[in-house]
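In what follows, chains carry the letters A, B, and so on, assigned in the order in which the sequence lines appear, proteins first and then strands, with residues in each chain numbered from 1. The model shown is predicted, which means the values in this text are computed figures rather than measured ones.
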Amino acid sequence: MEKLDGLTPYVEQISIDEAFIDVSDIPKDSETIAREIQMMIREEVRLPCSLGGASSKLVAKIATNVGKDSVDAFWPNAVLIVPAGKEPEFLAPLPIRAMWGVGPKSSERLEKSGIRKLGDLQKWSVEALESKLGSYGPQLKRFAMGIDDRPVSAEDREAKSVSNETTFDEDIGDRDKLHAVLLSLSQRVGRSLRDAGLVARTVAIKLRWSDFKTITRRVTMPDATDLDQPIYVSAKSLFEKAWKEGTPVRLIGVGTSNLETGGEQLSLFSQSDDKEHRVQEALDDLRDRFGSMKTRWGREHSHETGRWMDVEEEEGEVF
DNA sequence: TCTGGGGTCCTAGGACCC
DNA sequence: TCTGGGGTCCTAGGACCC
């Protein structure tokens, strides 16, 4: 990403290892630009990569995938450029699964109507597709024709949610063990929020039973937070409402959403909240310095009794 | 094709308000 | 008190992506 940023400001990162680049301003042909980028990454970062070029993000993305799949002398360093005007022609022979956004469910539905290739989609009327797929139909048809005017956006997209989850080797039906996992997940999520300078107003849990059925439950709090403890308290109460004693759990997760930028509202925190922030900072500092050592809250406040209760300890130290 | 651990976006329905 | 329309906020789940 650094290398790309050095090349042009018009870089839109879409995942850890993929980005769109608008090269309209670079006075070279696309093939040359792509090969130069590829060579730069190979030489300086020592990684292979594939590039696709087209007049739109959608077609460039699909071209990258198609190039990646073709095994030739360059593999795994593909470059595939789709010339402007040739988009429908390029897309027509591809299976509908090649369309970005068409997964197993949509392709199954489309195939039932005899739509197997993007070319089939091109031939269908907008009306027929609309009655079959709703508002997604016309959109899909435009995409199948290679029409996509979404610009390359260099602004980094703000995170919409922060979560952490884990799948167990063996299903767990023990309340204390599940609580302990919920706590450590809450701590990781809290830490991620703090590192990103974010606060969250909604806390969610995710539970997967042994039959793979997965449920989610969430609550929205009156105030946003980035502290481990309130996240854990919310997560635990959601868990208690959703879980029947002894039910084996395969996966458990804690998530936060409804995010806001944290910093500037510090002044709004009450005294006690500020104290909690200082405790939190001290804990973060300890965890930083002692790395693998498990530090966690030793006590938690019980809403039922209004008292501070000891937390069940699994491993490690209590502070 | 599945698993695992992140994510995003969309839809539908309920509660509530004007 | 009821009706209607519109809007917001929230929850739950599904489809999809890397």
Contact list (N/O, under 3.5 angstrom) for nucleotides 15-18 of chain C vs protein:
unit_1	atom_1	unit_2	atom_2	d
C:dC16	OP1	A:Gly103	N	3.1
C:dC16	OP1	A:Ser106	N	2.8
C:dC16	OP1	A:Ser106	OG	2.5
C:dC16	OP2	A:Pro104	N	3.4
C:dC16	OP2	A:Lys105	N	2.8
C:dC16	O5'	A:Gly103	N	3.4
C:dC17	OP1	A:Gly101	N	2.8
C:dC17	OP1	A:Val102	N	3.4
C:dC17	O3'	A:Trp100	NE1	3.2
C:dC18	OP1	A:Lys61	NZ	2.5
C:dC18	OP1	A:Trp100	NE1	3.4
C:dC18	O3'	A:Ser15	OG	3.3
C:dC18	O3'	A:Asp17	OD1	3.2

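- Remark: A:Arg150 engages A:Asp148 in a salt bridge, criterion side-chain N to carboxylate O under 4.0 Å.
- With hydrogens and angles disregarded, a donor-acceptor distance shorter than 3.5 Å links the side chain of A:Asp72 to the backbone of A:Trp75.
- Straight-line distance from the CZ atom of A:Arg250 to the C1' atom of B:dT3: 11 Å, rounded to whole Å.
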Checking A:Glu18 against A:Lys61 for the salt bridge (charged side-chain N to carboxylate O under 4.0 Å, His left out) test, could you report, in this order, the C-alpha distance in whole Å, the side-chain angles of both residues, the deciding distance, and whether it holds? CA-CA 10 Å; A:Glu18 282 187 301; A:Lys61 166 72 181 161; 2.7 Å; yes
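- For A:Asn164 and B:dG6, the shortest distance from a side-chain N or O to OP1 or OP2 is below 4.0 Å.
- Taking only side-chain nitrogens and oxygens, A:Thr216 never comes nearer than 4.0 Å to OP1 or OP2 of C:dT11.
- Connection of A:Val79 to A:Phe20 is not established within any shared hydrophobic cluster, with ILVMFWY side chains joined at heavy-atom distances below 4.5 Å, either directly or through further cluster members.
- Annotation: A:His179 is not in aromatic contact with A:Tyr232 [ring centroid separation under 6.0 Å not met].
- In this structure, of B:dG4, B:dG6, C:dG13, it is B:dG6 that holds the atom nearest to the side chain of A:Glu165.
- In this structure, A:Glu87 contributes its side chain and A:Gly85 its backbone to a donor-acceptor pair below 3.5 Å.
- Using a 4.0 Å heavy-atom cutoff across all strands shown, A:Ala204 reaches no nucleic acid atom at all.
- For the pair A:Lys206 NZ and B:dT3 P, the computed distance is 13 Å after rounding to whole Å.
- Atom CG in A:Leu259 sits about 13 Å away from atom P in C:dC10, given to the nearest Å.
- Close to C:dT11, at under 4.0 Å from its OP1 or OP2, lies a side-chain N or O of A:Thr220.
- An angle of 10°, rounded to 10°, separates the two end axes of the helix from B:dG5-C:dC18 to B:dC18-C:dG5, each defined over five pairs.
- Taking atom CD of A:Glu12 as the reference point, atom P of B:dT8 lies 14 Å away to the nearest angstrom.
- Among the protein residues, A:Phe212 comes within range of the sugar-phosphate backbone only, with heavy atoms under 4.0 Å from sugar or phosphate atoms but none that close to a base.
- If you check every strand for non-hydrogen atoms under 4.0 Å, A:Arg201 touches sugar and phosphate atoms only.
- Nucleotide C:dC9 holds its P atom 12 Å from the CD atom of A:Glu260, rounded to whole Å.
- Side-chain N/O atoms of A:Thr166 include none lying less than 4.0 angstrom from OP1 or OP2 on B:dG4.
- Distance CD (A:Glu108) to P (C:dG14): 16 Å, rounded to an integer number of Å.
- The environment of CZ in A:Arg46 is sparse: at most 12 heavy-atom neighbours from other residues, nucleotides or ligands sit within 6.0 Å.
- In this structure, A:Ile215 atom CD1 and C:dG14 atom P are separated by 11 Å, rounded to whole Å.
- Salt-bridge check for A:Arg208 with A:Glu165: failed, with every basic side-chain N at 4.0 Å or more from each acidic carboxylate O.
- No donor-acceptor contact under 3.5 angstrom links the side chains of A:Thr166 and A:Asn164, judged on distance only.
- Regarding contacts with the backbone of C:dG13, a side-chain N or O of A:Arg217 is found under 4.0 angstrom from either OP1 or OP2.
- The interatomic distance linking A:Arg218 (CZ) with B:dG13 (C1') rounds to 14 Å, in whole Å.
- Side-chain atoms of A:Asn65 never come within 3.5 Å of backbone atoms of A:Ile62 as a donor-acceptor pair (strictly under, hydrogens ignored).
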